[in-house]
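Here's the structure we're looking at; comments come further down.
If you're wondering where the values come from, they're calculated on a predicted model, not measured in any experiment.
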Amino acid sequence: MNMINWDNTDTAAFHGVWVYCEQRGGALMSTDLELLSQGRHLADELGTELCGVLLGDGVDGLAPDLGGSGADKVYICNSPLLKDYTTDAHAKLICDLAQTYKPEIILFGATNLGRDLAPRGAARLHPGLCADVTPRAVDMGPYLEFLREHSTLDEKGIGAEALTKRFASDLKMTRPAFGGHLMATIVCPRFRPAMATVRPGVMVRAPYDEARAKAVQVIHPDFSLKDADIHTQVLETVKAARELVDLLGADVVVSVGRGIGSDVQKGLALGQELADVLGGVLGGSRVAVDSGWLSSDHQVGQTGKTVHPKLYIALGISGAIQHLAGMQDAGCIIAVNKNEAAPIFEVADYGITGDLFKVVPMMIEQFRAAKHAKAAV
């Protein structure tokens with residue numbers, strides 16, 4: 001890539017929203033479709049096109065799925081050198097394509113590969129990179145509504161007129177700051193493309209659109225990629241068998257927090273038993289994971305997993321803002337906490353003020369009885 005004539009300060013020259021579409025073994029990642037759904041909203045706000053970027057070997061057949069999830073165009077680069085992911089090859093092509101077509105936004109999934117690729121691309125293109133964000137909006141209207149709902153500032157403190165004038169066409173990217181105690185919004189007003197990694201599960205996947213799938217435009221851009229461009233070689237791919245908690249796919253999530261600290265083993269057992277009775281899975285707050293009570297795949301929150309279950313039960317969780325960001329869109333929220341002023345009650349549909357070690361056994365008994373009664377009918 002020739003950086004001599006690269007000017008990323010002429011923001012008016014950049015157009016389009018891009019999504020790096022990760023594929024493994026010829027199969028798309030679910031994060032791709034979530035990102036395209038959000039990218040569709042951003043592109044519509046900007047009045048521009050949404051493009052997927054797909055790198056691999058013989059991956060043209062995946063284009064309709066990307067179109068059905070919102071993409072207007074899909075840039076596809078096929079090469080035997082792209083069959084296995086390497087940072088060198090993917091970073092080179094992403095940067096070469098960005099230099100040629102000048103997108104104004106590039107979104108990556110915050111997966112292992114996305115977290116490896118995005119920083120390398122940002123280092124070469126020099127726009128800066130926001131990690132593990134939620135891309136809220138470009139248009140100021142939806143963003144100001146977000147501020148009014150989630151910030152403690154009054155209308156004067158928000159400074160709507162000044163914000164609109166200064167950041168009207170910039171991507172607003174939200175992420176936790178100060179240990180998750182507040183949410184910060186980051187904008188990149190001086191450089192393009194705006195680049196961000198987005199945590200899986202943050203965005204709701206849009207329904208598949210058959211008409212878009214048939215209409216998607218597939219583009220095979222000219223590109224140069226040689227063995228000499230790649231300094232590593234993939235000899236073997238080994239998949240480790242490891243049982244992980246499927247928080248993202250669960251209809252019921254029961255999470256435990258600091259409140260089980262007086263008797264951790266009993267608290268975990270009660271949470272798991274309640275989850276089992278309801279056919280759900282056990283989750284936890286950041287405190288529960290940082291304290292070593294649960295492994296990281298159980299963590300719910302902006303710095304963990306964002307979940308959208310039909311039922312979410314929070315046991316002994318106060319409701320820090322980073323945790324609320326990861327579960328507040330659940331269909332129904334039940335909270336159990338001794339502190340009647342806990343922030344979790346502000347988002348809960350049903351709140352129980354009491355000792356979870358006394359309340360949860362009663363909940364288990366009632367849910368189990370209801371389950372047996374239903375089975376007997």
Side-chain angles (χ1 to χ4, degrees), residues 110 130-136 146-153 157 172-186 198-203 245 247-248 250 252-264 267-268 270-271 274-275 280-309 311-357 359-360:
C130 296
D132 289 348
V133 304
T134 301
R136 290 291 173 189
F146 167 76
L147 285 183
R148 293 186 184 103
E149 181 179 353
H150 295 281
S151 77
T152 58
L153 299 174
K172 287 77 181 174
M173 299 168 281
T174 303
R175 61 158 294 133
F178 292 98
H181 292 290
L182 58 83
M183 302 300 288
T185 296
I186 303 166
V198 183
R199 185 176 294 275
V202 169
M203 296 155 298
V245 176
L247 288 174
L248 299 181
V252 178
V253 176
V254 178
S255 288
V256 296
R258 191 189 303 273
I260 69 169
S262 60
D263 192 336
V264 173
L268 291 174
L270 286 173
L274 180 57
V281 298
L282 182 66
S285 68
R286 179 174 177 174
V287 171
V289 172
D290 287 349
S291 299
W293 304 339
L294 290 169
S295 59
S296 60
D297 55 307
H298 290 81
Q299 185 175 337
V300 174
Q302 185 76 26
T303 52
K305 295 178 181 176
T306 300
V307 297
H308 307 275
L311 174 63
Y312 187 86
I313 302 179
L315 305 177
I317 296 175
S318 62
I321 189 170
Q322 74 89 15
H323 186 79
L324 298 183
M327 44 66 70
Q328 60 188 354
D329 292 328
C332 179
I333 300 172
I334 300 175
V336 180
N337 201 292
K338 289 195 294 185
N339 179 9
E340 62 182 13
I344 192 72
F345 289 129
E346 296 178 11
V347 300
D349 298 286
Y350 302 95
I352 303 173
T353 303
D355 185 344
L356 70 88
F357 291 100
V359 173
V360 176

Do [X] and [Y] come close enough that some side-chain heavy atom pair is under 4.5 Å?
X	Y	answer
Gln299	Arg286	yes
Pro309	Val252	no
Val300	Tyr312	yes
Leu274	Leu315	yes

So which atom in [X] and which in [Y] form the shortest heavy-atom distance, rounded to 0.1 Å?
X	Y	result
Phe357	Leu270	CD2-CD1, 3.9 Å
Asn339	Phe345	O-CE1, 3.1 Å
Ile260	Leu268	CD1-CD2, 3.9 Å
Ser285	Gly257	OG-CA, 3.4 Å

(request) Please determine which of Thr306, Val253, Val307, Ile317 meets the side-chain contact (heavy atoms from CB on, under 4.5 Å) test together with Met327. (result)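 The option that passes is Val307.
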
Say you draw a straight line from [atom1] of [X] to [atom2] of [Y]; how long is it, rounded to the nearest 0.5 Å?
X	Y	atom1	atom2	result
Ser262	Asp355	OG	CG	7.0 Å
Ile313	Leu356	CD1	CG	12.0 Å
Ile333	Leu311	CD1	CG	9.5 Å

(message) Could you walk me through whether His298 and Val281 satisfy the side-chain contact (heavy atoms from CB on, under 4.5 Å) test, starting with their C-alpha distance in whole Å, then the side-chain angles of each, then the deciding distance to 0.1 Å, before giving a yes or no?
(response) CA-CA 9 Å; His298 290 81; Val281 298; over 6 Å; no

(request) Answer yes or no: is there a donor N or O on one side and an acceptor on the other, between the side chain of Arg199 and the main chain of Gly304, under 3.5 Å? (result)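 Yes, the answer is positive, given that a donor and an acceptor are paired below the 3.5 Å cut-off.
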
